[in-house]
Amino acid sequence: MNTGQSVKLAPQPTSVQDAGESVSLTRDQFEFFQNQGYISLRQLTTSEEVSGLKASIEDLFKRRVGEKEGAQEDFLAGQKRDVRRTAPQIMNPVNYLPDLHKTACFKNAHAIAKQLLGDNATCICDLAIVKEANFGTATPWHQDEAFRDPSMDYHELNIWVALQDVTVKNGCLLYLPESHKNEVLEHGAPNNDPTSQALECIAPFDKDAAVACEIPAGGCTIHHSRMLHSGGPNVTDRPRMAYIMIFGTPPTPASTVRAYPWLKKRETLAQAQRRRWMLRGGVFVAAWRKVRRGDFKSWGAAIGSITRSFRNMRSNY
Ligand SMILES: O=C(O)CCC(=O)C(=O)O
């Protein structure tokens with residue numbers, strides 16, 4: 001296992017190029033992502049904007065915003081009492097900070113997502129995660145697609161923005177290069193607890209081939225949704241915070257038959273809480289938030305979004 005002592009570092013983050021209103025990847029960066037399944041970039045936005053983002057997101061965590069609607073919960077600890085809560089996350093912080101998607105950070109991320117996935121790439125959701133100082137737990141190795149419906153093929157990527165410098169010591173992301181070229185491997189619930197938000201890859205793979213992506217505040221790493229990745233523990237005396245945007249084009253029916261049995265038993269505390277909230281009228285609040293931020297630009301976008309909300313409410317995806 002990579003403890004952080006011996007882990008190999010990924011190539012240094014590189015700069016994006018100015019593309020007028022936003023930024024774009026160079027040809028080398030584009031090809032690196034396609035071949036390796038990830039890329040780290042030095043600066044997605046300005047340091048002033050990053051300080052503002054960090055302060056606003058910190059405030060959401062402090063006020064425990066979203067807890068009542070199942071949007072804020074520790075991402076690893078489920079119901080097991082002996083698992084310490086050390087890594088809270090907020091699903092869709094844009095619901096509480098409507099200007100989040102008007103930032104340069106978001107615009108640049110969206111432009112890069114379109115470059116990598118195609119012009120119809122949209123933001124599927126966003127997320128903020130803190131790893132608490134001194135004991136922020138490691139993120140288990142996983143592929144993001146392991147959380148998704150196996151009857152569909154996904155065309156998605158994550159853009160993970162560092163809100164302070166991230167290093168091996170405070171829990172930067174670790175990637176297994178080229179692992180995005182494989183199918184989704186077998187996953188299970190960490191600590192055997194189906195109420196945990198997280199999933200863990202339990203199939204064998206070569207962790208020694210992993211690389212760690214150290215990046216400065218305002219930099220980002222981008223990874224393909226099949227990329228095997230984890231985040232180290234935070235052993236420093238300051239919290240580690242990240243803002244994550246997931247972009248994708250509409251899923252298509254799966255080209256191969258597959259099953260993800262680990263999703264069958266999964267019912268996280270947040271899902272149960274969210275279902276109760278939606279049924280008590282939250283569904284209207286959720287729809288209103290989407291209208292307010294202009295998510296429904298076309299009938300396709302509206303139908304996709306409503307279908308996703310119902311699927312999330314009824315199933316365990
Ligand atoms: O921040 C972390 O430690 C994990 C983030 C992650 O797994 C992701 O963005 O896909």
Exactly one of Val168, Thr221, Val166 should register a side chain to side chain contact (heavy atoms under 4.5 Å, CB included) with Glu214. Which one does?
Val168
Distance-minimising heavy-atom pair for Lys107 and Lys102
NZ-O, 4.0 Å
Look only at the side chain of Asn108 and the backbone of Ser22, and say whether a donor-acceptor pair between them is shorter than 3.5 Å.
no
To the nearest 0.5 Å, what is the distance between CH2 on Trp141 and NE2 on His187?
11.0 Å
For Lys54 and Met241, indicate whether the former's side chain and the latter's backbone hold a donor-acceptor pair under 3.5 Å.
no
Apply the test side-chain contact (heavy atoms from CB on, under 4.5 Å) to residues Gln89 and Gln197: give CA-CA distance (whole Å), side-chain angles for both, the deciding distance (0.1 Å), then the verdict.
CA-CA 10 Å; Gln89 73 170 17; Gln197 291 275 359; 3.7 Å; yes
CA sep, side-chain torsions, deciding dist, call: Leu41, Leu25, side-chain contact (heavy atoms from CB on, under 4.5 Å):
CA-CA 9 Å; Leu41 304 176; Leu25 298 181; 3.8 Å; yes
Measure the CD1-CD1 distance between Ile90 and Ile244 for me, rounded to the nearest 0.5 Å.
11.5 Å
Arg289 and Glu69 ion-paired at < 4.0 Å
yes
Reported OG-to-CG distance for the pair Ser225 and Leu117, which is rounded to 0.5 angstrom
8.5 Å
Return the CG to NZ distance between Leu174 and Lys8, rounded to the nearest 0.5 Å.
11.5 Å
About how many Å separate OG of Ser196 and CG of Asp74, when rounded to the nearest 0.5 Å?
8.0 Å
Going by distance alone, is a donor N or O of one side chain under 3.5 Å from an acceptor N or O of the other, for Thr268 and Glu73?
no
How are the rings of Trp262 and Tyr260 set to each other: parallel, tilted or perpendicular (split at 30° and 60°)?
parallel
Does the pair Arg148/Glu145 count as a salt bridge with the N-to-O cut at 4.0 Å?
no
Of the non-hydrogen atoms in Ala203 and Phe205, which two are nearest, and what is the gap between them?
O-CD2, 3.3 Å
Taking Arg240 for its side chain and Asn234 for its backbone only, find out whether a donor-acceptor pair lies under 3.5 Å.
no
Can you see whether Asn170 engages Thr236 through a side-chain donor-acceptor pair at a distance of less than 3.5 angstrom?
no
With a 4.5 Å heavy-atom cut-off, do Phe33 and Leu157 have their side chains touching?
yes
Name the orientation class of the two ring planes belonging to Phe32 and Tyr38 (parallel below 30°, tilted from 30 to 60°, perpendicular beyond 60°).
perpendicular
Side chains of Asp149 and Ser151, donor plus acceptor under 3.5 Å:
yes
Tightest non-hydrogen contact, residues Asn95 and Arg292, listed as O-NH2, 3.3 Å
Flag, side chain of Asn92 to backbone of Cys125, donor-acceptor distance under 3.5 Å:
no
Got more than 12 heavy atoms from elsewhere within 6.0 Å of NZ, Lys181?
yes
Which is it for Val65 and Asp59 under the side-chain contact (heavy atoms from CB on, under 4.5 Å) test, yes or no, and what are the steps along the way?
CA-CA 9 Å; Val65 167; Asp59 178 60; over 6 Å; no
Donor-acceptor pair between Arg274 and Gln271 side chains, under 3.5 angstrom:
no
Polar side-chain atom of Asn120 near backbone of Pro250 as donor-acceptor pair, under 3.5 Å:
no
Starting from Leu173, can I reach Val235 by hopping between I/L/V/M/F/W/Y residues whose side chains sit under 4.5 Å apart?
no
Do Leu263 and Ile202 belong to the same hydrophobic cluster, where Ile, Leu, Val, Met, Phe, Trp and Tyr are linked whenever their side-chain heavy atoms lie under 4.5 Å apart, directly or via other members?
no
Are a donor atom and an acceptor atom from the side chains of His229 and Asn158 found within less than 3.5 Å of each other?
no
Within a radius of less than 6.0 Å around CD of Gln12, do more than 12 heavy atoms belonging to other residues, nucleotides or ligands occur?
no
To check you understand the geometry: which heavy-atom pair defines the closest contact between Ala87 and Thr137, and what is its length?
CB-CG2, 4.1 Å
His142 and Phe147 aromatic ring geometry - parallel, tilted or perpendicular at 30°/60° bounds
perpendicular
Evaluate side-chain contact (heavy atoms from CB on, under 4.5 Å) for Phe106 paired with Cys123, printing each intermediate quantity in order.
CA-CA 9 Å; Phe106 182 83; Cys123 182; 3.8 Å; yes
State, to 0.1 Å, how close Ser24 and Val16 come at their nearest heavy-atom pair, and which atoms those are.
O-CB, 3.5 Å
Just checking Arg64: does its CZ atom have more than 12 heavy atoms from other residues, nucleotides or ligands closer to it than 6.0 angstrom?
no
Please report the closest heavy-atom contact between Thr122 and His110, naming both atoms and the distance.
CA-NE2, 4.0 Å
Any chance you could measure Trp160, atom CH2, to Leu44, atom CG, to the nearest 0.5 Å?
12.5 Å
